[in-house]
Amino acid sequence: TEGKKCSGCGEILVPQTSLDPVNHDFSMHNGTVCGKEACKLFHSCRYCDFSLLIPLEDRYFFKQLTTAQQENIAAIYDALVAGQSDYITLPNPMANPEADSSVIASFLYNCCPELVQLSTNEMRRWWRGNNEMKFQLVLSKSEFEGYSAALFDFLLELNQTTSDMTDWEKSKFVYDLIIDRTTYEAQASDAVNKHEGSALGPLAARRARCQGYANAYQLCMWATGVECYMITGVAGPENGPHAWNIVKLNGQYYLSDVTWDDGDDVPTAYAYFNVSTAEFVRHTAEDFWYDWNMPACNRMDMSLFVMYDSYVEEREDLKTEFLRIFDANYGKNHKIYLKFESAEDFETVMDRSFMQQCMQEFVNKHHIGSLSWSITYWSEVRVLCFDLEN
């Protein structure tokens, strides 16, 4: 396309749309050239508006807040990005400092994974009068800038690695990435690992608790161009504090729990990967998420078992389904998953004689000389994983 001529020198200017999208320039912020490497993480390309982060005003839960709350959060966010650690002045006075500051803190801690200097163990906040707030920080300004610059490099590489993937492939790639590089941190203490609840837990320290897993998944999914958020609440038989994610794929929302699918030395279960609320019966979100109009997650079409066509519905012929799933996946994956709708069907397949019969029939059908296999299973979620070796 022919560019416009400069009125001063007559030179033809190349249209910005012709620029290679990989050659982003993050040096100019609000019309001012900035040389700080850390700033790249928080700003978009000057040419194409590409950004590794979802802009604050576009984040799903930010849109649920009042204008005054949005303005206060934006002011604090900008101050924290600039490295401020003392009291921050709010543009709008708080009518009820205790309640209003709680809303602000909840959003910053849960919806801003890039603010890795916030203490995710203490989550402490202070207010002075009705228009000043400050927060518990675990990083100095220079440390925060150093980690932000490193995060930018990591996330930009992740974006380029996943650029040709579908959104579902991106979600699985990031899921596997975080699980592969992270060991669960059982003890919650800044003295043990000050990054355990932030995205730096999996991405830098390689140790994290649930909030670190969820924050890292949220941040990495943003870098791939996929909308994702962390949800906090309680989960499990003891209703312990927990964090998980909502991810938006093809216009629909799904739930994922990276922590619960991380089995350390065993295969990933994928039982909590892109599933519906019906699969999260032991998870209860904190009340404020419902005040913020949490999106409904009522579909299973993006779960691994539906995508791999390895979901066994109740009343199906078990042997036929078993062999169909093996036929469809053998040669493509050395790990073959099956998930059962019925607990009774799961128990039937787990019977050693039934399983041996199915495997022998599969081997005979495909004229396989030898096939070694091991099984990992998760009874509670009715999932089997066969690890095959010829």
Side-chain angles (χ1 to χ4, degrees), residues 60 110 165-180 182 184 210-211 213-218 220-221 224 226-237 239-240 242-263 266-286 289-290 293-314 316 321 325 328-329 333 335-343 345-346 349 376-385:
Y60 180 89
N110 295 311
M165 297 182 185
T166 66
D167 284 354
W168 185 86
E169 290 170 337
K170 291 174 181 179
S171 70
K172 185 176 182 297
F173 183 89
V174 173
Y175 210 74
D176 292 339
L177 173 73
I178 293 172
I179 287 175
D180 289 346
T182 312
Y184 183 74
C210 58
Q211 192 168 348
Y213 279 83
N215 263 317
Y217 191 63
Q218 180 179 199
C220 288
M221 289 303 292
T224 70
V226 177
E227 193 173 351
C228 179
Y229 300 98
M230 180 177 72
I231 304 298
T232 53
V234 295
N239 280 330
H242 193 50
W244 56 95
N245 294 96
I246 286 182
V247 60
K248 187 178 184 181
L249 302 171
N250 295 346
Q252 302 293 327
Y253 290 93
Y254 303 85
L255 292 169
S256 287
D257 189 336
V258 194
T259 310
W260 276 22
D261 268 336
D262 185 2
V266 300
T268 302
Y270 297 107
Y272 301 97
F273 171 64
N274 294 342
V275 297
S276 68
T277 303
E279 298 294 315
F280 270 58
V281 293
R282 298 201 302 163
H283 294 65
T284 303
E286 294 180 71
W289 292 109
Y290 298 99
N293 189 27
M294 190 166 58
C297 304
N298 51 21
R299 298 168 66 103
M300 287 289 291
D301 57 306
M302 290 290 171
S303 74
L304 179 105
F305 310 103
V306 172
M307 295 296 290
Y308 283 8
D309 197 15
S310 61
Y311 187 77
V312 182
E313 296 185 22
E314 195 171 9
E316 296 282 1
E321 280 295 280
I325 291 169
N329 287 278
N333 306 297
K335 288 183 172 63
I336 297 180
Y337 285 87
L338 296 89
K339 180 175 174 64
F340 299 84
E341 183 179 39
S342 162
D345 288 346
F346 173 82
V349 172
T376 307
Y377 62 92
W378 299 267
S379 300
E380 185 175 307
V381 290
R382 307 176 306 284
V383 171
L384 284 176
C385 176

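No experiment lies behind these values; they were computed from the predicted model shown. Computed over heavy atoms, backbone and side chain alike; hydrogens, waters and symmetry mates excluded. Note that the numbering runs from 1 along the sequence shown for the chain.
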Do the side chains of [Y] and [X] get nearer than 4.5 Å, heavy atoms only?
| X | Y | answer |
| --- | --- | --- |
| M230 | Y213 | no |
| T224 | V174 | yes |
| V226 | K248 | no |
| T259 | H242 | yes |
| F273 | S171 | yes |

Closest approach of [X] and [Y], non-hydrogen atoms and distance?
| X | Y | result |
| --- | --- | --- |
| V383 | F305 | CG2-CZ, 3.8 Å |
| C228 | M221 | CB-CB, 3.7 Å |
| A269 | Y337 | O-CE2, 3.9 Å |
| Q211 | A243 | CA-CB, 3.8 Å |
| A296 | Y253 | O-CB, 3.7 Å |
| C385 | W378 | CB-CZ3, 3.8 Å |

>> Could you go through F346 and E341, starting from their C-alpha distance and side-chain angles, then the distance that decides it, and tell me whether this counts as side-chain contact (heavy atoms from CB on, under 4.5 Å)?
In response: CA-CA 8 Å; F346 173 82; E341 183 179 39; over 6 Å; no
> Between T232, T284, N110, which is the residue that forms a side chain to side chain donor-acceptor pair (under 3.5 Å) with W289?
Replying inline: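 By the side chain to side chain donor-acceptor pair (under 3.5 Å) criterion, W289 pairs with just one of T232, T284, N110: T232.
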>> Which residue in the set N245, N274, D261 passes side chain to side chain donor-acceptor pair (under 3.5 Å) when paired with S256?
In response: N274
> Which is it for L304 and Y311 under the side-chain contact (heavy atoms from CB on, under 4.5 Å) test, yes or no, and what are the steps along the way?
Replying inline: CA-CA 9 Å; L304 179 105; Y311 187 77; over 6 Å; no
> Among pairs that include at least one residue of residues 270-281, which meet salt bridge (charged side-chain N to carboxylate O under 4.0 Å, His left out), considering only residues two or more places apart or in two chains?
Replying inline: E279-K339
Would you find a donor on one side and an acceptor on the other, under 3.5 Å apart, between the side chain of [X] and the backbone of [Y]?
| X | Y | value |
| --- | --- | --- |
| Y229 | Y60 | yes |
| N329 | I325 | yes |
| E169 | T166 | yes |
| S303 | M300 | yes |
| T277 | C297 | yes |

>> Just checking F280 against Y272, ring centres under 6.0 Å apart?
In response: yes
> Taking the six-membered ring for Trp, are the ring centroids of Y175 and Y217 within less than 6.0 Å of each other?
Replying inline: yes
To the nearest 0.5 angstrom, please state how far the [atom1] atom of [X] sits from the [atom2] atom of [Y].
| X | Y | atom1 | atom2 | value |
| --- | --- | --- | --- | --- |
| C220 | L177 | SG | CG | 6.0 Å |
| E286 | I231 | CD | CD1 | 9.5 Å |
| T268 | I179 | OG1 | CD1 | 4.0 Å |
| D309 | E321 | CG | CD | 7.5 Å |

>> For Y377, I'd like to know if atom OH has over 12 heavy atoms of other residues, nucleotides or ligands within 6.0 Å.
In response: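 Not buried by this count: 12 neighbours or fewer within 6.0 Å.
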>> Within the 3.5 Å criterion, strictly below it, is a donor on Y254 or D301 matched to an acceptor on the partner's side chain?
In response: yes
> With a 3.5 Å cut-off and no angle check, do the side chains of D262 and Y184 form a donor-acceptor pair?
Replying inline: no
> Going through the distances and angles, do M302 and M307 end up as a side-chain contact (heavy atoms from CB on, under 4.5 Å)?
Replying inline: CA-CA 6 Å; M302 290 290 171; M307 295 296 290; 4.2 Å; yes
> Checking side-chain contact (heavy atoms from CB on, under 4.5 Å) for the pair E227/V247: CA distance, chi angles, key distance, verdict?
Replying inline: CA-CA 6 Å; E227 193 173 351; V247 60; over 6 Å; no
